Structures are given as C-alpha cells and as structure tokens.
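Reviewing the structure listed below.
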Amino acid sequence: MTRMPPTSRRSGRPGGSSAPGAPDPSSASSTSSTSTTSGPDTTTAPESPERTRTRWHAVAALLVLVGALFLAHHHWPVIEAGAGRLAAADRRWLLVGATAAVSTWVSSALAQQGAVAQPLPGGRLVAVQFAASAANHVLPAGIGAGAVNLRFLTRCGLPVARSATALAVKTVAGAVVRGVLIAVLALACPGVLRIPHVPAVAHVPAIAVAVVLAMGAAIAALLSGPLRRAIRAVLADVRAVHRQPARAAALWGGSLAFALLHASVVVAVTQSLELPLSPALVALAYLAASGAAALLPTPGGIGSLDAALALALTLAGSPAATAASAVLGYRLLTVWLPLLPGLLVLGLLVRRKTL
C-alpha cells in the first residue's frame, strides 16, 4: 500500500494545496505585515516624565518672575519713600546694615545644617536660604521659607517627616534664642519698653477670657495625640542633634547670629539716621517687636512688624518720624532690595531641580 505524504494528508489535496476559496495563511500573514508597516501610525507616544517636569519647572520660573514684578510694582511707593528718606543718611552705616542683612542668609544656613544630622551641600544651602527669605515675604510668615526648606531637605534625601522635624527644631531654637536675648537686654536696660498705662479694671474681663482660652488650648494640646507624637519626634531630633557637638554648635550659633544680625541691621539704620538711642535699646526694641509680630502671621511680617517696630522705637524715646524712617530703611535692606534677586534665585533653583 502506497502511503500518502504527510502534507497531502493535512491539506486533503495532493501536494498540500488549499481548498478553493480558502485563504492562504502565508499570504494573509504577509498582507497583515504589509498593512502594519505601510499603514499610517495613529498611535502617539506618551510624553516623557522628564519633559513634563521640565515644562512645569519653566512655568514655575515664569510665575515667580511675574510675581516678583507684580510685588515690586504694587509696593513701589513704599520702596521710593524709603529710598527718599534714606538719601541723606550716613551711607557707611547703611553699608554695614546691608552686610549684616546678607550675613543673615549664611547664619540661617548654618542653623539649618545644625538641625540636620547628615551634611548638606553648603553653597546650595545658602542659596536656598536666600530664596526662602524672598518666598517668606510672599506667603504668611514662616510658610514660604518652610515650604522652600522642606522641599530642599527632601531633595537631599531626607524623609518628609524628618525634614519637617528638622524645620521645627530650627524654629524652636530660634524662638529660645530670641527669648533669652530679650531677657538679657531687658535686664541690662530696665524700663526701656514702657507699655501705656490703662486702667486695670477695664482689662479684667479680657484677661479672664484670655486665661480661659489659654487653658482650653493647653488641655486640647495635651489631649491631642498627633501633637504629642509631633513633639516627641522633635525632641528625638533635638537629642540626636545634641549628640553631635558640631551640629549643636551650628544650630545654636546660627540661631543666635541670625537674631543678632537682624537686630544689627536696625541698629545700623538708626545710626545712619542719627537716632538718639543706644544700640542695646534699639536691639531690644527690634527683638520685642519681632516677637509680638509673630503672633500675627502676615507675609514676612510686613505690616505687623512695621507697626510693632515703629511703636517700640517710639516708646524707647525716638521721634515718630525718625522711627518711621528707620523702619523703612530696615525694610529696604531686608525685603525690597533682595526681593527680586531672591525670587529669581528661587526660580533658578526650581528649574535646576534643587527644589
């Protein structure tokens, strides 16, 4: 018996040919391949994440520039008035004040490094403090600088929780240093900040309400689990920092230098205007005013600090017009002159992905 070839058996026809009308698999495959390669490509490749980030960085830099120009235009009368009042001032003292203002960014960087156990890039850290000071004058007090520093620390590899506690450690150290300086200067210059006398009876209801609210806030804070956990985290970071003497010295030394340098700016401006007050009295007036202004969180303390500082200088014995000129000079050196460069640096840091 003659055996049929395997191909003939599979196809049902001699020689393995297909049935009439049946499609040829090989021709269908080639047709499909041809149509796939020759047909128009209707699919669009997704945009790469790198390109998306670059686009958003460019948008952020543009928004920063627009915001800087808007702020400069909106507050131009203040800038112009401050420059006019300081035109006749002693420029040597103004140069001293400008140097002290620039040094505040270095001291702030030192304090921030002291609040973190791991080393941070020094040059970028100083640039971030410069940008953070500008951001702090756009958003309510502490929020702008806190957001910039938090972003920088997370970019340096710190977890978000650890970065937040590092910022809290720096803030607590600054508040403690400021309080100690106020106490020391108040003991050295008794009676400098005289509070206007008001009948005590009128304050009794207000004091009672304030005490009740303070007690309620204290009880709520003690009962708040998240707040207790946050405090424990901050205390743990404080202990970790103080186990490294170099970090502890940077934290407290930078915080002390930051407060003294800001006070030195005010002292230099008052000396340039020949304000009849001693440097110790001016420094105490500034520290007390900045502590009071912290209770009203306005952008960079603008408005609240201005009023508190003018009032403090006036109560210390300065003429009202000279006190106003001193406040304008302080703002000119610490806010208006560095604002536009600081916002530009902020946009550059965002574009270079440092933030």
Side-chain angles (χ1 to χ4, degrees), residues 97 99-133 136 141-150 152-153 156 158-159 161-189 230-268 279-280 282-295 300-301 305 334:
T99 304
V102 172
S103 301
T104 58
W105 308 321
V106 180
S107 62
S108 179
L110 184 64
Q112 188 62 76
Q113 174 61 89
V116 178
Q118 74 180 56
L120 301 172
R124 281 182 287 170
L125 181 58
V126 175
V128 166
Q129 302 313 305
F130 180 35
S133 66
N136 212 36
I143 296 180
V148 171
N149 279 292
L150 182 66
F152 174 70
L153 293 177
C156 290
L158 272 73
R162 181 58 56 85
S163 301
T165 54
L167 296 179
V169 168
K170 179 185 175 185
T171 302
V172 170
V176 170
V177 165
R178 191 178 301 272
V180 170
L181 286 175
I182 291 175
V184 170
L185 290 174
L187 291 175
C189 310
I231 293 175
R232 283 198 297 266
V234 171
L235 293 177
D237 274 15
V238 168
R239 289 192 294 268
V241 165
H242 285 80
R243 282 194 289 266
Q244 303 182 39
R247 290 289 186 266
L251 173 64
W252 293 105
S255 300
L256 178 62
F258 183 80
L260 289 178
L261 285 169
H262 268 283
S264 299
V265 177
V266 183
V267 169
V282 174
L284 178 56
Y286 165 74
L287 292 170
S290 60
L295 301 177
L305 178 58
T334 58

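Everything numeric here is computed off the predicted structure, so don't read it as measured data.
When the side chain to side chain donor-acceptor pair (under 3.5 Å) test is applied to T334, no partner is found at least two apart in sequence or on another chain. For R247, there are no side chain to side chain donor-acceptor pair (under 3.5 Å) partners at least two apart in sequence or on another chain. Considering only residues two or more places apart in sequence or on other chains, R178 meets the salt bridge (Lys or Arg N to Asp or Glu O under 4.0 Å) condition with none of them. Residues that satisfy the side chain to side chain contact (heavy atoms under 4.5 Å, CB included) test with V176, not counting sequence neighbours, are V172, V180, W252. Partners of V102 under the side chain to side chain contact (heavy atoms under 4.5 Å, CB included) rule, at least two apart in sequence or in another chain, are W105.
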Run the numbers on N136 and V148 for side-chain contact (heavy atoms from CB on, under 4.5 Å), then give the verdict.
CA-CA 9 Å; N136 212 36; V148 171; over 6 Å; no
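The distance from atom CG of L150 to atom OG of S163, rounded to the nearest 0.5 Å, is 5.5 Å. Going from atom CD1 of I182 over to atom OH of Y286 covers 10.0 Å, rounded to the nearest 0.5 Å.
Pairing each heavy atom of A100 with each of V265, the nearest pair is CB-CG2, 3.7 Å.
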Could you list the donor-acceptor pairs under 3.5 angstrom formed between side-chain atoms of residues 114-132 and any protein atom two or more places apart in sequence or on another chain?
| from | atom 1 | to | atom 2 | distance (Å) |
| --- | --- | --- | --- | --- |
| Q118 | NE2 | C156 | O | 3.3 |
| Q129 | OE1 | S108 | OG | 2.9 |
| Q129 | OE1 | K170 | NZ | 3.4 |
| Q129 | NE2 | N149 | OD1 | 2.7 |

Which donor-acceptor pairs under 3.5 Å do side chains of residues 254-264 form with protein atoms, sequence neighbours excluded?
| from | atom 1 | to | atom 2 | distance (Å) |
| --- | --- | --- | --- | --- |
| S255 | OG | L251 | O | 2.7 |
| H262 | ND1 | Y330 | OH | 3.1 |
| S264 | OG | L260 | O | 2.7 |

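The ring-ring contact (aromatic ring centres under 6.0 Å, His included) analysis of residues 106-128, with sequence neighbours excluded, yields no pairs.
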